[in-house]
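Here's the structure we're looking at; comments come further down.
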Amino acid sequence: QAEVGIRDMPTGLVGSEMCIRDRAGAFAGPVAGAAAGIIISAYRLMMGGIGTLAGIGAILTATCFGILFYIRWGTVSRAYPVSALLGFGGALAIQGLIWSVVLPADIAWRAFKVYALPVGLFYPLGTVIIGTLLANEHRHQSTQEALQTSDERLREAFDLSRDALYKRNLKTHQYAWVSPAIEKIMGRPLDQWLSMGEERLTKIIHPDDLNNTMAHLNQLVNLNPADSQEFSIEYRILQPDGSHCWILDRHIVLFDAGGQAEFVVGNAQDITHRKASQHMLENYKHIISSSKDLMALVSRDLVYQAASNSYAAVLNTTPEQLTGKPIQKVLGANILRFSRPLIHRCLAGEDVHSQSWVTYPDGKRRFSDTNYYPHYEKGTGTISGYVISVRDMTEYKQMEDRLLQSYKMEAIGTLAGGIAHDFNNILGAVLGYTDLALTMTKNKAVYDMILNVRGAGERATELVRQILTFSRQTDQEVHPLLVTPIVKEALKLLQASMPASIQMDQSLESKSYIMADPTQVHQIVMNLCTNAGYAMKANGGTLAVSLEDVDIDEHYMAKQPGFGGPGRYVCLSVSDTGAGIPPEVLDRIFDPFFTTKPEGEGTGLGLS
């Protein structure tokens with residue numbers, strides 16, 4: 001009777017099987033919980049007895065509690081809170097005791113008195129202990145799995161890395177380990193590196209880099225943990241075939257328990273190609289910087305990307321200061337007015353060439369030979385900007401103009417000389433017959449008219465003499481000449497012919513002799529002053545004439561070609577406050593037979 005009663009009481013609620021069924025769902029998940037609940041329920045059913053219904057009810061309820069607990073805490077981190085474990089254990093105990101109400105009253109009361117206290121203590125405490133143990137086990141297992149996964153990935157990275165990874169003892173210079181990539185980078189087998197010490201290491205470092213590299217390694221030995229940081233150094237390694245490769249070595253220092261620098265851990269990267277590219281780029285920069293041509297790279301939105309030293313110097317700046325600035329702010333509107341259409345053609349894919357006189361921001365006017373080339377973006381082929389190359393052709397243009405002027409003057413002189421000779425022969429006959437006619441007439445009126453004819457002939461003779469002088473076909477009497485008296489004489493003659501509205505200012509200080517033809521010097525002064533007087537005829541003004549000794553050096557000669565050599569010269573200067581010369585006329589002032597004076601007032605032979 002007692003055995004049956006005890007057996008029929010809900011002993012399954014507190015047995016070992018309950019430890020399995022309720023915690024399977026809580027700590028292993030719904031599938032494990034459901035499976036455990038079904039198995040234990042079948043076992044309880046097989047036992048039979050009066051407590052079967054209560055036992056199965058308690059089993060299934062505990063299973064549901066376990067699954068709910070797992071959903072709330074177990075799926076997140078498996079770090080179960082103690083309060084949750086105590087609550088879960090208490091809930092299991094209470095629901096087990098509650099199911100005893102389906103038993104007969106006397107049996108239920110006896111069971112409650114026997115099991116209430118053990119169940120109330122065992123379930124919460126047991127749940128806490130089991131939950132903590134399982135959580136620790138889970139964390140341990142997860143950590144092991146993470147370590148294994150990390151070690152597989154580290155090994156894969158170690159083997160596949162293109163850089164040479166290493167760990168080296170700072171005192172002995174022995175390598176603790178080296179990645180396989182070092183064989184490909186530095187051309188020596190892996191076992192040689194593992195057995196390499198300081199002596200062998202110094203033999204494979206390029207002699208030019210050895211002192212600097214070893215000094216750096218010795219500095220690492222003296223570091224302390226407070227100095228710990230990342231270091232880097234570049235050096236060359238000699239390879240077995242006699243060549244060398246550039247290495248970028250990045251590393252950190254590891255310290256022992258006593259705070260002494262013990263190991264250096266780092267990666268060595270092959271930067272040979274990068275060094276070669278840098279060297280090539282430096283050569284290109286040197287070539288461009290050495291060139292007198294002005295070169296710059298401009299983006300599609302017209303912003304400077306790079307410029308040569310010569311380009312920046314013309315703009316009174318540096319390539320670094322020029323980079324990033326819009327060309328409109330640098331060049332100004334005047335240059336962009338004619339260059340913008342050329343730039344647009346270039347950005348459309350056309351190589352553009354142009355020659356023109358340009359007034360630069362510094363105010364100087366230069367003749368520029370300019371080329372625009374499209375700049376294609378690497379990889380895409382799209383035009384991302386343009387390259388401009390400007391050659392200053394001012395001196396060349398001036399020499400070309402002087403050469404053309406020389407050819408023109410020579411041709412005109414040859415033509416004029418031939419005409420003048422023929423005309424002179426005709427004048428000779430006219431003057432000869434005029435002189436003969438003067439001796440043959442006694443008529444005063446006729447005599448005077450013949451004298452007028454002779455005067456016109458003499459003026460024509462003077463014009464022929466000027467033409468022959470212009471054509472360089474007459475002999476010049478060049479000898480040592482004191483310039484000041486000749487200039488004074490010419491100015492004295494001009495003083496009488498100048499109107500009162502023109503004031504003459506003289507400063508004749510030179511006492512030097514020159515080698516010249518006095519007639520030509522006289523003509524120079526007369527022509528320059530006559531032109532100056534003509535320019536001030538309407539409104540008057542000041543005619544200033546100066547004569548002084550000057551020293552001409554090579555620097556001045558470079559700017560003003562035409563001197564025979566550096567030395568002492570006499571400078572004759574004639575200036576006026578008149579109307580000036582229009583730009584379109586300025587280039588023609590030395591052309592023979594060109595004049596702005598009305599017909600009958602000038603021949604155009606004075607300055608030429």
Side-chain angles (χ1 to χ4, degrees), residues 292 310 313-314 316 357-360 362-368 391-410 413 469-470 472 475-491 494 504-532 535 542-578 580-581 583 585-592 605-608:
K292 293 183 179 180
S310 54
V314 170
N316 296 320
W357 285 96
V358 179
T359 302
Y360 282 74
D362 60 2
K364 294 182 179 179
R365 194 164 179 263
R366 298 180 176 90
F367 187 80
S368 299
R391 177 165 295 182
D392 188 350
M393 303 286 287
T394 305
E395 293 186 8
Y396 175 83
K397 183 64 175 176
Q398 291 173 343
M399 292 177 61
E400 182 184 53
D401 290 344
R402 286 195 295 269
L403 184 61
L404 291 176
Q405 177 75 4
S406 175
Y407 288 155
K408 181 171 64 175
M409 299 290 279
E410 183 179 355
T469 300
F470 160 72
R472 302 291 191 269
D475 295 333
Q476 299 179 14
E477 299 179 4
V478 178
H479 54 76
L481 177 66
L482 189 62
V483 188
T484 302
I486 297 177
V487 175
K488 285 183 178 180
E489 180 185 354
L491 293 179
L494 286 167
M504 188 173 291
D505 184 10
Q506 303 181 34
S507 178
L508 309 179
E509 299 179 355
S510 175
K511 305 298 182 183
S512 300
Y513 282 84
I514 63 171
M515 295 297 294
D517 180 351
T519 302
Q520 284 195 336
V521 173
H522 192 274
Q523 283 183 329
I524 288 173
V525 177
M526 292 294 291
N527 277 286
L528 290 175
C529 292
T530 299
N531 286 346
T542 301
L543 172 63
V545 180
S546 66
L547 195 68
E548 59 180 342
D549 297 333
V550 296
D551 289 313
I552 301 299
D553 56 17
E554 294 181 354
H555 180 70
Y556 185 85
M557 288 174 56
K559 295 181 179 179
Q560 302 290 341
F563 292 91
R568 196 159 180 80
Y569 287 80
V570 173
C571 176
L572 170 64
S573 175
V574 178
S575 63
D576 64 76
T577 58
I581 305 175
V585 175
L586 189 60
D587 291 338
R588 302 193 63 188
I589 60 175
F590 298 111
D591 286 358
L605 287 174
L607 295 182
S608 59

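Keep in mind that the numbers below use all heavy atoms, side chains included, and drop hydrogens, waters and symmetry copies.
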Notebook entry, point to check: Within a reach of under 6.0 Å around CE of Met557, are more than 12 heavy atoms found that belong to other residues, nucleotides or ligands?
Noted result: yes
Margin query: Let me confirm one number: the CE-CG distance from Met504 to Leu491, rounded to the nearest 0.5 Å.
Written below: 5.5 Å
Margin query: Could you report the tightest heavy-atom contact between Met515 and Pro480, atom names first, then the distance?
Written below: SD-N, 3.5 Å
Item checked: Atom pair CD1 (Ile589) and CD1 (Ile581), whose distance is rounded to the nearest 0.5 Å -> 5.0 Å
Checklist line | Side-chain touch His479/Pro518, heavy atoms, less than 4.5 angstrom | finding: yes
Item checked: Non-hydrogen atoms of Pro566 and Glu554 that approach each other most closely -> CG-CG, 4.2 Å
Item checked: Which residues share a ring-ring contact (aromatic ring centres under 6.0 Å, His included) with Tyr569, sequence neighbours left out -> Phe563
Check: When you look at CZ of Arg366, are more than 12 heavy atoms from neighbouring residues, nucleotides or ligands closer to it than 6.0 Å?
Finding: yes
Margin query: Holding to salt bridge (charged side-chain N to carboxylate O under 4.0 Å, His left out), I want the full list of residues that pass it with Arg568, two or more places apart in sequence or in another chain.
Written below: Asp549, Asp551
Check: Which heavy-atom pair separates Thr530 from Leu494 by the least distance, and what is that distance?
Finding: OG1-CD2, 3.9 Å
Note to self: Using a 6.0 Å cut-off, check whether atom CD of Glu400 has over 12 heavy atoms from anything other than its own residue.
What the structure shows: yes
Checklist line | Gap separating the CG atom of Leu547 from the OG atom of Ser573, nearest 0.5 angstrom | finding: 10.0 Å
Check: Counting only N and O atoms by type, is there a donor-acceptor contact under 3.5 Å from the side chain of Thr394 to the main-chain atoms of Phe367?
Finding: yes
Note to self: I want to check something: taking the side chain as every heavy atom from C-beta on, are Val483 and Ile486 in contact at a cut-off of under 4.5 Å?
What the structure shows: no
Margin query: Using 0.5 Å steps for rounding, measure from the CG atom of Asn531 to the CE atom of Met526.
Written below: 11.0 Å
Item checked: Distance in Å, Leu508 CG paired with Leu572 CG, rounded so as to fall on 0.5 Å steps -> 9.0 Å
Next item on the list: Report yes if the side chains of Asp517 and Leu481 come closer than 4.5 Å at any heavy-atom pair, otherwise no.
Entry: no
Check: How long is the gap from CD on Glu395 to CE on Met393, to the nearest 0.5 Å?
Finding: 10.5 Å
Checklist line | Side-chain touch Arg391/Ser368, heavy atoms, less than 4.5 angstrom | finding: no
Item checked: Heavy-atom closest contact (Leu482 atom, Pro485 atom, distance) -> O-CD, 3.3 Å
Notebook entry, point to check: Looking at Thr577 and Thr542, what are the two nearest heavy atoms and their distance?
Noted result: OG1-N, 3.0 Å
Next item on the list: Evaluate the side-chain proximity of Lys397 to Trp357: yes if any heavy-atom separation is below 4.5 Å, no if none is.
Entry: yes
Check: Is it true that a side-chain atom of Thr484 and a backbone atom of Lys511 form a donor plus acceptor pair closer than 3.5 Å?
Finding: no
